[in-house]
Amino acid sequence: MNEGDIFSVKLKSICFTQEKAMTAPEIDKSNEEIINKDISALDLVKQMKAGWCLGLTLDAHGNWLPNYSLDSEVCFGELYTTKEIIDIGIKNGFKTIRIPVTWYNHIIDDKYTIDGDWMRRVKTVVDWAIADGYYVFINTSNCIRDNMNKPLKYADGYIVRNNDVDIAESKAFLNAVWTQIATAFNNSYDEHLIFEPMNEPRNTDHEHMWQPGLKLNWCDNSKCQECLADYKILNEYNQVCLDAIRATGGNNANRFVMISSLCSGIETAQHKLFKLPDDSANNKLILVVHDYRLGVSPDLAKKTFTSQIKSEMVSDYKALNAKYISKGIPVVVGEVGATNAVPLKERIKWITEFGALSKKYGMSIVYFEAGGTGESDFSIIDRKNLCIRPEQKAFAEALTKAFE
């Protein structure tokens, strides 16, 4: 080749944007539909039993990182996920794993395109879990930016807030992201893969919306017009997500989908304004709630599992059973946790009762595994040494054995 010669190269799997040179988007090319269309959501959830959440990992994010950086996975201080880490739970009696994922920081152009490298990283982790035999949840986590007191900008994520700009941007983001996720995860995945469209969806700019998973007062406040408007908005978002998933066809026409109330709250799920979306599939929707009633702060170190807490817990899930489970909509408690500051014996009492209650109502509970060894941490799994933490082994066993 001489200087000045002209030549051409055909690129089959590289596309260029104004932001980044990236590999082609991930598409599940399998044509074989392998999902079990006959199993109901109630029967599926009964099989999930105890689970753990790969927290603060694929959902980690930070404004100090450049967009599209795959290093976001470790920016909260956790390790890069390996198959050996995924294996820990299944080897210790857990049947389900929740893999929260943040997407907004991996949008690479003006069409909400998710970086193919990031999608493939998520897919790798999911595939390890599927190969282990887990039931696997993936979601859109941390897509509600904190301190969002201004209207959303392009690809900021979503927020449940009553103004036209936020609603339009949120719907566009959710539709685009779930269309791509569902396109990447379709016929190669049977009913062991479950989609969870939103994580604790709420109005982060409103004072009534800051306590996900805890006992709330605002959910009964019929006089707060902002709270009441948020139910309608959330219902619309849930419909957008479900429609995007179903539109991809194949296995996703019958895939199980977990629907969240405001803040993933137990009380909000019972509010008369909260509605499950209309679904073209039969018996494929699951309600997801979060529950941190035993404490999320180190100052609760002396908190005990009192008869009052037990009574409230029994009452809450009895109400969910009446409204949902008894009518064919199962419940998954997608995040459960109490900090290690709460005495071990009290946590064991709590999780034993919680597990028994979950088994009674055919629910699954997923422990929020967030790493760390301090009093403010929830960690029961040692990802570095690939084991259940010795000091947490009795707690982990109480959780898994409650479903036996």
Side-chain angles (χ1 to χ4, degrees), residues 8-29 57-75 99-127 138-148 150-161 163-186 188 195-199 201 204 236-237 239-250 252:
S8 62
V9 176
K10 184 177 181 180
L11 300 175
K12 293 183 179 180
S13 62
I14 303 292
C15 58
F16 293 90
T17 74
Q18 70 273 28
E19 297 285 353
K20 177 188 176 184
M22 61 166 288
T23 54
E26 184 69 15
I27 298 173
D28 189 336
K29 297 179 180 179
T57 307
L58 295 179
D59 55 326
H61 62 112
N63 293 333
W64 63 90
L65 287 172
N67 279 347
Y68 336 125
S69 173
L70 298 184
D71 292 333
S72 65
E73 182 176 349
V74 295
C75 74
I99 303 176
V101 185
T102 298
W103 303 94
Y104 74 79
N105 51 334
H106 296 282
I107 301 293
I108 57 85
D109 61 13
D110 59 0
K111 298 178 181 178
Y112 297 97
T113 303
I114 298 169
D115 183 356
D117 292 335
W118 181 245
M119 185 69 81
R120 276 179 284 279
R121 174 57 180 161
V122 174
K123 211 170 165 64
T124 294
V125 176
V126 168
D127 287 350
I138 55 174
N139 70 4
T140 55
S141 190
N142 289 326
C143 287
I144 305 175
R145 300 283 187 110
D146 293 344
N147 301 317
M148 269 294 172
K150 296 181 180 179
L152 294 177
K153 296 180 181 179
Y154 168 75
D156 268 339
Y158 63 88
I159 189 170
V160 183
R161 187 166 54 192
N163 70 66
D164 291 343
V165 173
D166 287 336
I167 292 171
E169 177 60 32
S170 295
K171 287 182 177 180
F173 175 87
L174 289 167
N175 177 70
V177 167
W178 275 106
T179 296
Q180 292 173 79
I181 297 170
T183 300
F185 294 89
N186 198 333
S188 296
F195 292 155
E196 181 188 3
M198 288 181 282
N199 174 63
T204 57
E236 293 176 0
Y237 290 1
Q239 192 68 59
V240 166
C241 295
L242 183 63
D243 288 348
I245 292 166
R246 296 290 184 240
T248 59
N252 291 334

_Nearest heavy atoms of Y158 and N199, plus distance in Å_ = OH-N, 3.4 Å

*Between the main-chain N or O of I159 and the side-chain N or O of Y237, is there a donor-acceptor pair closer than 3.5 Å?*
yes

_Looking at T102, is its backbone amide N or carbonyl O close enough to the side chain of S141 to form a donor-acceptor pair, meaning the two atoms are under 3.5 Å apart?_
no

*What pairs with T140 under side chain to side chain donor-acceptor pair (under 3.5 Å), at least two apart in sequence or on another chain?*
none

*Would you give the length of the straight line joining atom CG of D28 to atom CD1 of I181, rounded to the nearest 0.5 angstrom?*
13.5 Å

_Test your reading of the model: is there a side-chain donor-acceptor pair from N175 to the backbone of F173, 3.5 Å cut-off?_
no

*Should D243 and R246 count as an ion pair when the cut-off is N to O under 4.0 Å?*
no

*Does some side-chain heavy atom of I138 sit less than 4.5 Å from a side-chain heavy atom of F195?*
yes

*Distance, nearest 0.5 Å, that separates CD1 of I27 from CD of Q180*: 10.0 Å

*Drop me the distance from T183's OG1 to I245's CD1, to the nearest 0.5 angstrom.*
10.5 Å

*Working to the nearest 0.5 Å, report the span between CD of E73 and CG of D71.*
9.0 Å

*Any idea which heavy atoms bring V101 and V122 closest together, and the distance?*
CG1-CG2, 3.8 Å

*List for me each residue that meets side-chain contact (heavy atoms from CB on, under 4.5 Å) alongside V74, sequence neighbours excluded, and say none if there are none.*
Y80

*asked:* Could you work out, with side-chain contact (heavy atoms from CB on, under 4.5 Å) as the rule, every residue matching N163, not counting sequence neighbours?
replied: R161, V165, D166

*Hey, are the side chains of M119 and W103 touching, using non-hydrogen atoms and a 4.5 Å cut-off?*
yes

*Polar side-chain atom of N186 near backbone of G249 as donor-acceptor pair, under 3.5 Å*: yes

*With side chains defined as the heavy atoms from C-beta onward, is the minimum distance between S170 and L152 less than 4.5 Å?*
yes

*Would you check if W178 and V240 make a side-chain contact, meaning some heavy-atom pair closer than 4.5 Å?*
no

*If every non-hydrogen atom of A176 is compared with every non-hydrogen atom of Y112, which pair is closest and at what distance?*
CB-CB, 3.4 Å

